[in-house]
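Contents: one structure, followed by commentary.
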Amino acid sequence: MSSTTDKYPSNFIRTIIEKDIAEGKNGGAVLTRFPPEPNGYLHIGHAKAICLSFGMAEEFGGATNLRFDDTNPLKESVEFINAIKRDIEWLGFQWKEERYASDYFPQLYEFAEQLIREGKAYVDSLSAEDIREYRGTLTEPGKDSPYRDRSVDENLDLFRRMKAGEFADGEHILRLKIDMASPNINMRDPAIYRIRHVEHHQTGNEWCIYPMYDYTHCVSDSLEGITHSLCDLSFEDHRPLYDWVLDELAMNCHPQQIEFSRLNLQYTVMSKRKLRQLVEEGMVDGWDDPRLPTISGLRRRGYTPAAIRDFCRRIGVTKSDNNVELALLQSVIREHLEDSAPRVFGVLNPVKLVIENFPEGEKVALTVANHPKDESMGTRELNFTREVFIDRDDFREEANRKYKRLVLGDEVRLRYGFVIKAEEVIRDDSGEIAEIRCSYDPDTLGKNPEGRKVRGVIHWVSAEEGLPAEIRVYEPLFTVDFPDADDRDYHELINSESLTVHQGFVEPSLQKAGLDDRFQFEREGYFCIDSKDSTEGSLVFNRVVGLRDTWAKIEKAGGA
RNA sequence: UGGGGUGUCGCCAAGUUGGUAAGGCAACGGGUUUUGAUCCCGUCAUUGCGCAGGUUCGAGUCCUGCCACCCCAGCCA
């Protein structure tokens with residue numbers, strides 16, 4: 001995992017850490033944490049944070065804790081906990097310790113009593129609506145709650161009774177006593193404990209009051225001895241509160257919160273809320289739908305952990321808003337698969353081709369390379385037969401010379417096999433081409449014909465030996481590059497053609513394709529077995545990404 | 001009209017104490033090629049680093065003033 005390609009280029013967070021180490025801060029130690037709330041699946045944006053937090057720690061000989069930020073039992077579940085752990089491990093990272101914010105509930109409670117005793121927290125009995133009213137607005141200061149000056153004894157009594165379950169949800173709340181006139185709204189007496197009579201996935205029914213993020217996170221970081229607490233920019237305004245709590249509690253470990261900008265990627269959405277909607281409304285096939293930017297989706301789509309890590313490294317780490325092009329992600333996975341994926345043949349839109357002068361029942365065994373540039377990947381055998389499938393896009397009844405595929409009356413090479421010539425087209429009742437009758441030149445195996453220049457080379461699959469397979473090709477889930485920035489409801493922005501299912505054929509060797517294998521279907525793209533739906537008897541492939549397609553560009557420009 | 005941030009090539013992004021604008025992706029030329037892939041070569045910010053002034057022999061880097069965009073008013077995280 002710790003190859004040089006995983007090293008980040010210069011960024012401001014590394015600069016800070018290097019400086020801290022040079023100055024002997026924290027005794028030169030680096031301990032980070034990744035703190036997901038188990039209320040959804042991890043996505044590529046989380047991968048950025050994971051690579052950063054784990055990456056920085058590893059680079060400086062430190063470690064990273066995985067800590068589930070499980071302070072809101074209403075939205076969380078063990079299903080998400082397990083999915084998150086699996087995704088992080090799959091990405092290639094190992095946490096030092098698995099912790100839960102709920103591990104600290106007892107200590108958090110004691111600290112809360114301490115704050116009350118010191119007059120730094122109070123129980124408010126205003127309704128949620130009133131609290132909102134009293135908070136003021138962005139431009140006007142808030143005003144003190146009438147309960148703000150309750151005595152320490154009363155606060156303590158109330159808080160203990162909150163814990164004991166004497167009150168209903170929403171009846172009381174514990175707030176920090178900071179400054180209702182602060183220009184930073186987060187400092188206007190933030191709530192730190194609310195009553196919730198619900199079972200918690202970790203602590204069961206032990207508690208009916210639950211601490212809130214701002215209070216929990218900094219204390220948890222401190223208790224664990226975190227040195228650098230990396231989070232996204234939305235928490236920048238919360239840093240004064242983070243620091244306030246640790247200072248007032250006089251914690252002996254005061255981690256440094258550092259914020260960076262979150263990832264925005266073209267043609268997708270990154271908010272857990274929207275992802276959850278897509279899943280729950282059945283617009284996709286679960287959290288691991290290959291069109292989703294979730295780690296699980298990317299895994300099922302065929303992305304590799306190394307490619308995702310490389311992507312995270314290449315997008316960099318800054319505080320500026322960023323809009324990363326999908327092309328970068330695609331470029332990275334292509335680059336990784338180019339070297340590692342063995343080549344095979346697969347035809348997505350099959351049309352049968354019959355070579356009339358090739359003897360029926362005969363086979364010519366061809367030894368073909370698994371990789372054009374890497375002999376160590378070996379060879380495999382393919383049988384050339386009288387009937388083969390080629391892709392419909394690789395045949396035209398007429399075309400100009402720029403079209404380097406099969407044209408009626410002209411020649412083309414079937415890759416690794418013979419040069420053939422299209423002689424006649426057979427149509428079905430609907431007028432569609434049902435079959436292409438051809439002839440072949442037996443003297444063209446491994447050599448070019450004399451005096452003629454063949455248009456090009458196309459791939460094929462033996463009709464006699466090929467395996468039928470379902471091949472799924474994906475396009476972006478959304479029709480606009482940044483759905484979040486669009487005023488329209490996201491339902492209107494869904495790309496109805498994000499999934500195309502082909503009933504095609506693949507070469508026999510793919511029968512033994514494994515779940516972790518990636519292949520390049522020559523001239524088509526990179527593919528993998530669909531981990532959810534593929535079976536031995538009915539193969540299902542996902543297209544990870546297409547090959548770079550300059551022909552499509554030429555075609556689009558009106559070149560042919 | 002409050003507070004917190006950010007503005008360097010179409011996108012991402014480097015740019016330590018001012019010294020004369022990295023790299024990647026994309027794009028565009030060309031070469032190799034039994035994958036229109038890969039690979040290789042070349043072009044791609046020349047009084048230019050949001051704008052306007054200023055300091056300086058010299059500023060993306062310092063100062064002043066503007067402008068634009070993002071985040072914040074959950075008993076969510």
Side-chain angles (χ1 to χ4, degrees), chain A residues 9-11 15 19 35-37 39 69-72 74-76 124 126-128 131-133 135-142 169-175 182-188 190-196 210 212-214 216-217 231-240 259 261 263 266 272-273 313-332 334-335 338-339 343 345 368 371-373 402-405 412-417 419 444 446-448 454 456-459 520-525 546-555:
Chain A
S10 172
N11 68 63
T15 303
K19 185 163 176 283
E37 183 188 14
N39 67 344
D69 230 326
D70 57 349
T71 55
N72 188 359
L74 249 29
K75 297 181 175 176
E76 302 155 4
D124 198 352
L126 246 28
S127 67
I131 284 182
R132 193 183 319 125
E133 189 114 339
R135 186 154 34 227
T137 69
L138 293 178
T139 53
E140 300 159 35
D169 291 8
E171 242 182 284
H172 303 288
I173 195 162
L174 186 70
R175 303 178 72 175
S182 171
N184 180 348
I185 291 194
N186 297 301
M187 299 299 272
R188 316 236 262 235
I192 60 169
Y193 262 99
R194 75 292 219 191
I195 301 170
R196 283 245 206 289
Y210 293 98
M212 295 181 65
Y213 170 82
D214 282 310
T216 307
H217 202 83
C231 61
D232 79 71
L233 245 26
S234 64
F235 293 101
E236 211 158 17
D237 289 343
H238 295 245
R239 184 164 13 100
E259 313 84 7
S261 58
L263 165 68
Q266 278 187 332
K272 276 195 206 169
R273 196 191 103 248
R313 185 183 57 80
R314 292 207 218 181
I315 57 177
V317 181
T318 66
K319 296 181 73 141
S320 49
D321 287 345
N322 58 85
N323 300 306
V324 176
E325 292 178 333
L326 225 205
L328 179 61
L329 217 210
Q330 297 175 326
S331 162
V332 173
R334 278 195 198 106
E335 189 180 300
E338 157 65 21
D339 292 334
R343 271 82 231 239
F345 287 165
V368 308
H371 192 108
K373 293 184 170 179
K402 283 182 184 169
Y403 185 77
K404 292 159 55 176
R405 310 177 188 188
V412 80
R413 176 178 296 279
L414 291 180
R415 172 147 238 235
Y416 291 126
V419 169
T444 53
K447 60 181 174 184
N448 286 321
V454 177
V457 182
I458 64 175
H459 62 286
Q520 184 195 98
F521 287 10
E522 292 206 27
R523 302 207 317 128
E524 290 289 357
L547 255 27
R548 219 174 124 248
D549 191 356
T550 53
W551 167 245
K553 242 184 272 178
I554 295 168
E555 226 180 355

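Bear in mind the structure is a predicted one, so any value in this text is a computation, not a measurement. Residue numbers begin at 1 in each chain, while the letters A, B, ... track the order of the sequences.
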In whole angstrom, give the distance that lies between atom [atom1] of [X] and atom [atom2] of [N].
{"X": "A/Asp339", "N": "B/C39", "atom1": "CG", "atom2": "P", "result": "8 Å"}
{"X": "A/Leu328", "N": "B/A27", "atom1": "CG", "atom2": "C1'", "result": "15 Å"}
{"X": "A/Ile185", "N": "B/G74", "atom1": "CD1", "atom2": "P", "result": "8 Å"}
{"X": "A/Tyr416", "N": "B/U34", "atom1": "OH", "atom2": "P", "result": "11 Å"}
{"X": "A/Asp232", "N": "B/A77", "atom1": "CG", "atom2": "C1'", "result": "10 Å"}
{"X": "A/Arg548", "N": "B/C28", "atom1": "CZ", "atom2": "C1'", "result": "11 Å"}
{"X": "A/Arg196", "N": "B/G74", "atom1": "CZ", "atom2": "P", "result": "14 Å"}
{"X": "A/Lys373", "N": "B/U38", "atom1": "NZ", "atom2": "P", "result": "9 Å"}

Looking at [X], I'd like to know whether one of its side-chain N or O atoms comes within less than 4.0 Å of OP1 or OP2 on [N].
{"X": "A/Arg334", "N": "B/A37", "answer": "no"}
{"X": "A/Ser331", "N": "B/G24", "answer": "no"}
{"X": "A/Arg194", "N": "B/A77", "answer": "yes"}
{"X": "A/Thr550", "N": "B/A37", "answer": "yes"}
{"X": "A/Arg132", "N": "B/G74", "answer": "yes"}

NA contact type, [X], heavy-atom cut-off 4.0 Å: base, sugar-phosphate, or nothing?
{"X": "A/Gly446", "value": "base"}
{"X": "A/Ser182", "value": "nothing"}
{"X": "A/Arg239", "value": "nothing"}
{"X": "A/Thr15", "value": "nothing"}
{"X": "A/Phe235", "value": "base"}
{"X": "A/His238", "value": "base"}
{"X": "A/Val317", "value": "sugar-phosphate"}
{"X": "A/Thr137", "value": "base"}
{"X": "A/Ile315", "value": "sugar-phosphate"}
{"X": "A/Arg415", "value": "base"}
{"X": "A/Asp237", "value": "base"}
{"X": "A/Pro141", "value": "nothing"}
{"X": "A/Lys319", "value": "sugar-phosphate"}
{"X": "A/Leu138", "value": "base"}

### Task
Assess whether side chain to side chain donor-acceptor pair (under 3.5 Å) is satisfied between A/Ser182 and A/Asn184, documenting all intermediate values.
CA-CA 5 Å; A/Ser182 171; A/Asn184 180 348; 5.5 Å; no
### Separation between CG of A/Asp214 and CE of A/Met187, rounded to the nearest 0.5 Å
10.0 Å
### Task
Starting at CG of A/Leu326, measure out to OG of A/Ser331 and round the result to the nearest 0.5 Å.
11.5 Å
### Summary
Assign each of A/Leu547 and A/Arg413 the nucleotide of RNA chain B bearing its closest heavy atom; nearer the 5' end lies the nucleotide of A/Arg413
### Query
Closest nucleotide of RNA chain B for A/Asp169 versus for A/Asp321: which of these residues is on the 5' side?
A/Asp321
Let's test this: given Watson-Crick or G-U wobble pairing with both distances under 3.5 Å, identify the partner of [N].
{"N": "B/C51", "value": "B/G65"}
{"N": "B/A13", "value": "none"}
{"N": "B/A27", "value": "B/U43"}
{"N": "B/A22", "value": "none"}
{"N": "B/G60", "value": "none"}
{"N": "B/G2", "value": "B/C72"}

What nucleotide, of [options], holds the atom closest to the side chain of [X]?
{"X": "A/Glu37", "options": "B/A77, B/G2, B/C25", "result": "B/A77"}
{"X": "A/Arg343", "options": "B/U38, B/U6, B/U35", "result": "B/U35"}
{"X": "A/Asn11", "options": "B/U38, B/A14, B/A73", "result": "B/A14"}
{"X": "A/Thr318", "options": "B/C75, B/A13, B/C11", "result": "B/A13"}
{"X": "A/Asn322", "options": "B/C12, B/G36, B/A77", "result": "B/C12"}
{"X": "A/Lys553", "options": "B/G36, B/A27, B/U38", "result": "B/A27"}
{"X": "A/Asn184", "options": "B/C25, B/G3, B/G74", "result": "B/G3"}
{"X": "A/Arg135", "options": "B/C25, B/G36, B/C75", "result": "B/C75"}

### Task
Please work out which of the three classes, parallel, tilted or perpendicular, describes the rings of A/Tyr213 and A/Phe235, given edges at 30° and 60°.
tilted
### Query
Just wondering, do A/Arg523 and A/Ile458 contact through their side chains at under 4.5 Å, heavy atoms?
yes
### Query
What form does the base of B/G74 take, syn (within 90° of 0) or anti?
syn
Taking atom types as they are modelled, is there a donor-acceptor pair under 3.5 Å from the base of [N] to the side chain of [X]?
{"X": "A/Gln520", "N": "B/U35", "value": "yes"}
{"X": "A/Arg405", "N": "B/G36", "value": "yes"}
{"X": "A/Glu325", "N": "B/G10", "value": "yes"}

Can you tell me how far [atom1] in [N] sits from the matching atom in [M], rounded to whole Å?
{"N": "B/A73", "M": "B/A45", "atom1": "P", "answer": "43 Å"}
{"N": "B/C12", "M": "B/U56", "atom1": "C1'", "answer": "34 Å"}
{"N": "B/U1", "M": "B/A13", "atom1": "P", "answer": "29 Å"}
{"N": "B/A68", "M": "B/U8", "atom1": "C1'", "answer": "16 Å"}

With the threshold set at 4.0 Å, does a side-chain nitrogen-carboxylate oxygen contact exist between [X] and [Y]?
{"X": "A/Asp124", "Y": "A/Arg175", "result": "yes"}
{"X": "A/Arg239", "Y": "A/Glu259", "result": "yes"}
{"X": "A/Glu338", "Y": "A/Arg343", "result": "yes"}

#### Entry: Residue of the set A/Glu76, A/Lys272, A/Arg273, A/Lys75 for which side-chain hydrogen bond (donor to acceptor under 3.5 Å, both in side chains) holds with A/Asn39
A/Lys272
### Summary
Paired with A/Ile315, the side chain to side chain contact (heavy atoms under 4.5 Å, CB included) test is passed by just one of A/Val332, A/Leu328, A/Asn322, namely A/Leu328
